[in-house]
Amino acid sequence: MKYSYIFFGAVFFILCSVIFIPAQDIEPDEPEIILPSVVLEIEDLSVEKIRSGLPEEIEQPLPWREYPLPEPEELEIEESSFEISAPDEEHTAPEEGRRDLIAEVTLGAGIPSHFIGSISLFKFGELPEGKLLFHHEMLDGIGSNSPGIGYNMREDILEGMVRFDIGDVEFKTDGEFVDLERGLQGNSNFYSKINRRLSGDISLKYAISDQFILKGRVDGSVSSQLLTGTSFQQINEFLISPEVTGELQMENWYLGITPELSYRNVLEKNGLLTTRFQLRVDVGIDIGEKYRIDAQASWFYSEASNHLFPFYLGLTGTPTDFFMFRVNAGYKLLQYNLKDIFAEYEFSSVPDTLLDNHGWFVDLMSRLYITDRWMLNAEASFMKHSGMFTVDKSIDPVTGLFTPDQVEALSLNVLFGARWNITDRIFAQFNAGAEFLDRPQFFPQYSLGAQLDATQEEGKYGGGVSADLLLGEHDYIQVPILDLYGFYRPADFIKFQLDINDLLLPIVSQQRYSWYPYIEEGFKITLKTQINF
């Protein structure tokens, strides 16, 4: 019990710091990176680069690069850019003799000048529940360049969550601090670009009766982009969005009504000040046991977009035990904020204006289980954009960033994937994606991927290989991205793992680019030691 009090005291301290501490001025001098003497990392805690401009609600079984297909009501990008295998969130008491407080630590370092540090704490089982996560990673000397001259990256992420009941009210709060730095590699008068985000939300849920539920939520964030060097430039976005939802849940249908307000202020750019209001009505109807109809209709208003009436109609079905599908169609609204631009377009400068994107759309998704070992899935998404966000291909020699733009566009994205469970301990995955019409600058037009993993029967050792080929980012073809890993677990509480990333790149003596002329991380070798408590 004493450890639980200490744990939740630490979580509340982090949350209060993240949500309520105002952003401080950042020194314009070149940032000094201080590495801890022991470097840590959580297993499978990887920061994925977002490869497409719209978010995805449908969970994909394929772990590598995807083309997200957004839901009509969604623009919000997930704050956390990494995933952790968290414990089951069901409110069940822990089994006898089972710990309800779990800690994971991993030690990791590699070449070239690669350091990783992560730690996670989970309290689950009976309420209250919570988590506390920290991740640090840095790499200096990208593309065999010397350290300290701007060919570097750094990522620091701190996240906390607490959930508990106050009488009949379920209370949940979480907060996050994200600090991402990218060296500008001599393409700018500045040394590096730093994106920081403080974000948090508080949500309440109260069941007035078995059928009627009242929910409330407040989201807030402070996001900034800083160019560092002998001089500096800084942009700060303040965003707050409260909403209240009333839900009527019956046996075969539900009805929800949600008024939502969103306020954004950017002190350095008056053109980005905006207030939005949206009134949303959601309806869901079960048709038998195999089909479901979902619909949403909204009234939206902002000074820039005026009055809009987004809506969608969706059908989800499982006509057989081995096949399911989903179809959504309507008029979509995507609310762009700077925190989304900072997350998705890492070398874009800050726009003077930022309009919400809207237009007609159709989304399709299907999943087919051929046997108990073979699964196929396919997705397609079409949208007519009023203002797709992209950048100009030419670089600003002063800032080293690309000029942002919003254009009318037609997008058609297709994704196909397959998973093969060869045995209970060996599985393979394949995927192929394509964007046939318009897409944001520097985003791939085609992608191919494959992965093979194998584990010893008792889980003592294993490994895998994955390969990805991205085409259409540039006018030339780059070699596939080939990654290898292997692990050995001498005891249940400890595991050693060796990762080799982008193995082919040094063999062909090439550099890897995404946002040309910026060099990607490329070849890395990292040794990790994971310890569970």
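This is a predicted model, so every value here is computed, not measured. Side-chain atoms are counted along with the backbone in the values below, which use heavy atoms only and exclude waters and symmetry mates.
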Would you compute the distance between atom [atom1] of [X] and atom [atom2] of [Y] and round it to the nearest 0.5 angstrom?
X      : Y      : atom1 : atom2 : value
Leu503 : Phe523 : CG    : CZ    : 6.5 Å
Phe115 : His136 : CZ    : NE2   : 8.5 Å
Asp499 : Tyr485 : CG    : OH    : 9.0 Å
Arg489 : Glu458 : CZ    : CD    : 12.0 Å
Lys205 : Ile213 : NZ    : CD1   : 5.0 Å

Check your understanding: Hey, is Lys384 close enough to Asp438 for a salt bridge, meaning N to O under 4.0 Å?
Key -> no

Review point. Should the pair Asp174-Arg163 be classified as a salt bridge under the 4.0 Å nitrogen-to-oxygen rule?
Key: no

For the residue pair [X] and [Y], what are the closest heavy atoms and their distance?
X      : Y      : answer
Pro128 : Lys123 : O-NZ, 2.9 Å
Leu410 : Leu437 : O-CB, 3.0 Å
Ala432 : Leu448 : CB-CD2, 3.7 Å
His385 : Ser411 : NE2-OG, 2.7 Å

I'd like to know if the side chain of [X] reaches the main chain of [Y], judged simply by a donor and an acceptor atom lying under 3.5 Å from each other, with no hydrogens or angles considered.
X      : Y      : answer
Ser221 : Ser223 : no
Arg326 : Met365 : no
Ser199 : Gly175 : no
Asp356 : Tyr336 : yes
Asp483 : Asp502 : yes
Arg373 : Asn421 : yes
Thr455 : Gly462 : no
Asp219 : Asp201 : no
Glu520 : Gly522 : no
Thr390 : Gln441 : yes

Exercise for review: Tell me, yes or no, whether the heavy-atom count around Asp321 atom CG, taken from other residues, nucleotides or ligands under 6.0 Å, exceeds 12.
Suggested key: no

Practice item. Assess the pair Phe177 and Phe134: is the distance between their ring centroids shorter than 6.0 Å? Key: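 No; Phe134 has its ring centre 6.0 Å or more from that of Phe177.
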
Regarding [X] and [Y], do their side chains bring together a donor and an acceptor under 3.5 Å, going by distance alone?
X      : Y      : answer
Gln530 : Asn532 : yes
Asp453 : Gln451 : yes
Ser241 : Glu260 : yes

Point to revise | pair Val281-Leu255: side-chain heavy atoms closer than 4.5 Å | key: yes

Practice item. Decide yes or no for Ile481 and Arg512: does some side-chain heavy atom of the first lie under 4.5 Å from some side-chain heavy atom of the second? Key: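 They are in side-chain contact.
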
**Study point:** Pi-cation contact, Phe347 with Arg182 (under 6.0 Å, within 45°)
**Key:** no

Point to revise | Worked verdict on Phe164 versus Phe171 for ring-ring contact (aromatic ring centres under 6.0 Å, His included) | key: CA-CA 5 Å; Phe164 55 91; Phe171 178 89; 4.9 Å; yes

Review point. Mind checking whether Trp374 and Phe430 have parallel, tilted or perpendicular rings, split at 30° and 60°?
Key: parallel

